[in-house]
K.L.:
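I have a structure I would like to understand better, so I am pasting it below and will then ask my questions one at a time.
Labels below follow one simple rule: chain letters A, B, ... track the order of the sequence lines, proteins then strands, and each chain is numbered from 1.
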Protein chains: 2
Amino acid sequence: MVTLAEVAQHAGVSSSTVSYVLSGKRSISTTTRQRVEESIRKLGYHPNAGARALASSRSNIIALMVPLRTDMYVPVMMEIAVAVAAGARAHGYDILLLTGEEGPDAVRRVTGSGLADAMILMDVELDDERLPLLRGTQQPSVLIGLPADTEGLTCVDLDFRATGALCAEHLAELGHRDIAVVGEAPAVYERHTGFAERTLDGLRTRARELGLRLLHRPCEGGYDATAATLARVFDERPETSGFVVQNESALEPLLALLRQQGRAVPEDVSVVAVCPEQVATQASVRVTSVAVPAQEMGRRAVEQLVGKLDGLGGDEVVLLAPELTVRASSGPAPVRP
Amino acid sequence: MVTLAEVAQHAGVSSSTVSYVLSGKRSISTTTRQRVEESIRKLGYHPNAGARALASSRSNIIALMVPLRTDMYVPVMMEIAVAVAAGARAHGYDILLLTGEEGPDAVRRVTGSGLADAMILMDVELDDERLPLLRGTQQPSVLIGLPADTEGLTCVDLDFRATGALCAEHLAELGHRDIAVVGEAPAVYERHTGFAERTLDGLRTRARELGLRLLHRPCEGGYDATAATLARVFDERPETSGFVVQNESALEPLLALLRQQGRAVPEDVSVVAVCPEQVATQASVRVTSVAVPAQEMGRRAVEQLVGKLDGLGGDEVVLLAPELTVRASSGPAPVRP
DNA sequence: ATGAAAGCGCTAACAC
DNA sequence: GTGTTAGCGCTTTCAT
């Protein structure tokens, strides 16, 4: 293994000079720099991560805690994770992947050992058990998601309340009066995941203001569960002409079911979804949707975190404004007989 | 920050004793051990990762390289990644997440800096550009996927050739004679990803042996692309009665399209898919499928790697045997007029 | 069964 | 602009 000292010797300079060439923390004459850089290349030198972390108290690693539940809104999570990884690398950081499984212990382990300089938490619950620990630590962190109390925390999330409101508005403008919300799986609500509850809240509030009737049903997703949900909806509210789909794995089944039932989209029924663009555009009907900007969320989270690590910027809640894209699945409400 | 020396002082022992209590590398009297453990708890001591890595030349970190392409067979990748992370933790390792983006450079960076003790590569191409580097390194590694030449490498993968063969056999047994393969996106073949080509190979070989006629069409997935593919298939081979779907994002669209065309599944057309269990069971028809055992692949990869790190076991190719589960989408071929 | 002490490779004062 | 050097916190011989 090539060490910094060997590089120094090879270049005929002191080890600190090599170190400073690497870090750029003090000015080096061009000739010296070139000599050092050449030695580095020739010897194939790579700084030792452990030694560097020990000496500098910085690992240049960001921990990313992703939910263990692999069965839920997976594509979005993956997209965020990859965006975080890419963004982190762009700032010189590597990503340590933690699964939610370990829970708060993982936070302790990572902060305690200095394994990571900072952390990003995904899938934050409204009253997340990891939050007290974060508040009590020096370690900078950013949440992707929004807990009930954001005091002392930095959060990045789509403004799901506005998202819900936007969906309600869109359907209201088209003349729909009876709206059904195909929600997330019951477990998501039981865990009090912020985004699900906020979306619903935005939906309900705006619906009330606009005089819409709203029916909300959690839905596991998949064909059978969606079929059951749909049957219940039309049973209880036959007049329903607008759907807001929150669980993306219920989207395609819903469209297929409506088709089977002879309900035309968007002539008889309008459908609006909250999902990644890809899902909306690849479905059997181009679906009017509010995109979950996974990439941007990941990118912004890293930016916030790097800002904190560099001592700039404090706690802040970044809520991304939702954008609704009208596609082929929504249209004027059918004329009532 | 609490250091090992502080623990030692608090417990009234030398620092080496504390170190040995932690590592268990030499016998300690019960009384001493208890005193030390108590001090550790009382002081809230956490070993410093950097120092440990420097002194022991082991980071207890495994690097995991996942493909950057977030749009492809994502759920499987995510499932594998999470399984790897969980498995690694169970063996005392953390996971460093690398995106394929950096390519071979990431391998150099990680091996050179001692950031990770070993690495797991996903999404391996038949002639992957990272392989020469791996062969030339001391760093243990495991591939998830199978390159063309496995000499000197350890690989874990589903036996995709057998998977293809299994699908062909199943349809042949049911009396089907004209089979169409809805393949992966063209880009997947262009990159010469092993699993796609092997599946096709297994399919073709067995089909020939069984006297089946086989039509293979790459397919981007999504509704429109699948519709186009389906149209071409029936155009060229109107007699087609069996489908093997390899691209999971073409599965639900295919089922919906067949339904729309009035082709009953499985009475008129049989469908067999290669996909995760969840996709097969949540589709609009319970789909006969060969499961991609993502969890087990991740688990096995970690086991292989830990074995290597512990000096046991050498290079090995672990091919998991495919299992076909018959569900509602496949049945006897329709009687020809 | 325990201690003492020599590094591991790098960073960052402190010198000049 | 460059060199010298004292640690960073831990592991691991070598002693006893």
Side-chain angles (χ1 to χ4, degrees), chain A residues 1-37 39-40 43-61 92 109-117 138 309, chain B residues 1-37 39-40 43-61 92 109-117 138 309:
Chain A
M1 186 199 200
V2 187
T3 71
L4 184 145
E6 294 173 316
V7 174
Q9 188 170 14
H10 181 107
V13 298
S14 76
S15 57
S16 64
T17 298
V18 178
S19 176
Y20 284 119
V21 165
L22 253 32
S23 68
K25 286 187 182 174
R26 78 180 183 193
S27 46
I28 305 279
S29 73
T30 321
T31 58
T32 322
R33 155 172 295 111
Q34 286 176 341
R35 222 144 23 94
V36 171
E37 282 169 348
S39 298
I40 288 178
L43 302 181
Y45 168 74
H46 283 275
N48 178 290
R52 186 170 259 187
L54 178 57
S56 66
S57 306
R58 274 171 135 285
S59 63
N60 277 290
I61 289 179
R109 198 165 56 80
V110 167
T111 60
S113 66
L115 230 187
D117 297 333
Q138 288 311 310
L309 282 166
Chain B
M1 189 200 197
V2 187
T3 70
L4 184 146
E6 293 173 316
V7 173
Q9 189 169 14
H10 181 105
V13 298
S14 76
S15 55
S16 63
T17 298
V18 178
S19 176
Y20 284 118
V21 165
L22 254 31
S23 68
K25 287 189 181 173
R26 79 180 181 193
S27 46
I28 305 282
S29 74
T30 322
T31 58
T32 319
R33 155 174 294 111
Q34 287 176 341
R35 223 142 27 91
V36 170
E37 281 169 348
S39 298
I40 288 178
L43 301 180
Y45 167 73
H46 282 274
N48 179 290
R52 187 169 260 190
L54 176 58
S56 66
S57 305
R58 271 170 138 286
S59 63
N60 277 290
I61 289 179
R109 199 165 55 81
V110 167
T111 60
S113 66
L115 231 186
D117 298 332
Q138 288 309 311
L309 282 166

K.L.:
What's the CD-P distance between B:Glu6 and D:dC8, to the nearest Å?
P.N.:
11 Å
K.L.:
Let me know the distance between NZ of A:Lys25 and P of C:dT11, rounded to the nearest Å.
P.N.:
8 Å
K.L.:
Whole-Å distance between D:dT2 P and A:Leu4 CG?
P.N.:
15 Å
K.L.:
When only distance counts, do a donor and an acceptor, one from the side chain of B:Thr17 and one from the base of C:dG3, lie under 3.5 Å apart?
P.N.:
no
K.L.:
Check the distance between C:dT11's P and A:Asn60's CG and give it to me in whole angstrom.
P.N.:
10 Å
K.L.:
Output the single nucleotide from D:dG9, C:dG9, D:dT2 whose closest atom is nearest the side chain of B:Ala51.
P.N.:
D:dG9
K.L.:
For C:dA1, does OP1 or OP2 lie under 4.0 Å from any side-chain N or O of B:Arg26?
P.N.:
no
K.L.:
Taking 4.0 Å as the cut-off, does a side-chain nitrogen or oxygen of A:Ser56 come that near to OP1 or OP2 on C:dA12?
P.N.:
no
K.L.:
For B:Thr31 and for B:Ser15, locate the closest nucleotide of DNA chain C by heavy-atom distance; then report the residue assigned to the nucleotide nearer the 5' terminus.
P.N.:
B:Thr31
K.L.:
Is there a donor N/O on one and an acceptor N/O on the other, under 3.5 Å, for the side chain of A:Ser16 and the base of D:dT2?
P.N.:
no
K.L.:
Compare the minimum distances between each of C:dT2, D:dG9, C:dT11 and the side chain of B:Thr3, then state the nucleotide with the smallest one.
P.N.:
D:dG9
K.L.:
May I ask you to verify if any side-chain N or O of B:Ser19 is less than 4.0 angstrom from the OP1 or OP2 atom of D:dT11?
P.N.:
yes
K.L.:
With the side chain of B:Ile28 defined as its heavy atoms from C-beta on, choose the nearest nucleotide among D:dC10, C:dG3, C:dT2.
P.N.:
C:dT2
K.L.:
Of all the choices, C:dT2, C:dG9, D:dG3, which nucleotide is nearest to the side chain of A:Met1 once you look at every atom?
P.N.:
C:dG9
K.L.:
At under 4.0 Å, does any side-chain N or O of B:Ser57 touch on OP1 or OP2 of D:dT11?
P.N.:
no
K.L.:
Measure the distance from CG on A:Leu115 to P on D:dC10 and round it to the nearest whole Å.
P.N.:
13 Å
K.L.:
Among B:Ser15, B:Ser19, B:Ser39, which residue meets the side-chain contact (heavy atoms from CB on, under 4.5 Å) test with B:Val7?
P.N.:
B:Ser39
K.L.:
Roughly, in whole Å, what's the span from CG in B:Leu54 to C1' in D:dT11?
P.N.:
10 Å
K.L.:
The side chain of A:Thr32 lies closest to which of these nucleotides: D:dT11, D:dT2, D:dG9?
P.N.:
D:dT2
K.L.:
Could you give the CZ-to-P distance, from B:Arg52 to D:dT11, as a whole number of Å?
P.N.:
5 Å
K.L.:
Got A:Ile40 and A:Leu22 here, is their nearest side-chain heavy-atom distance under 4.5 Å?
P.N.:
yes
K.L.:
Please report the distance, rounded to the nearest Å, between OH in B:Tyr20 and P in D:dG9.
P.N.:
20 Å
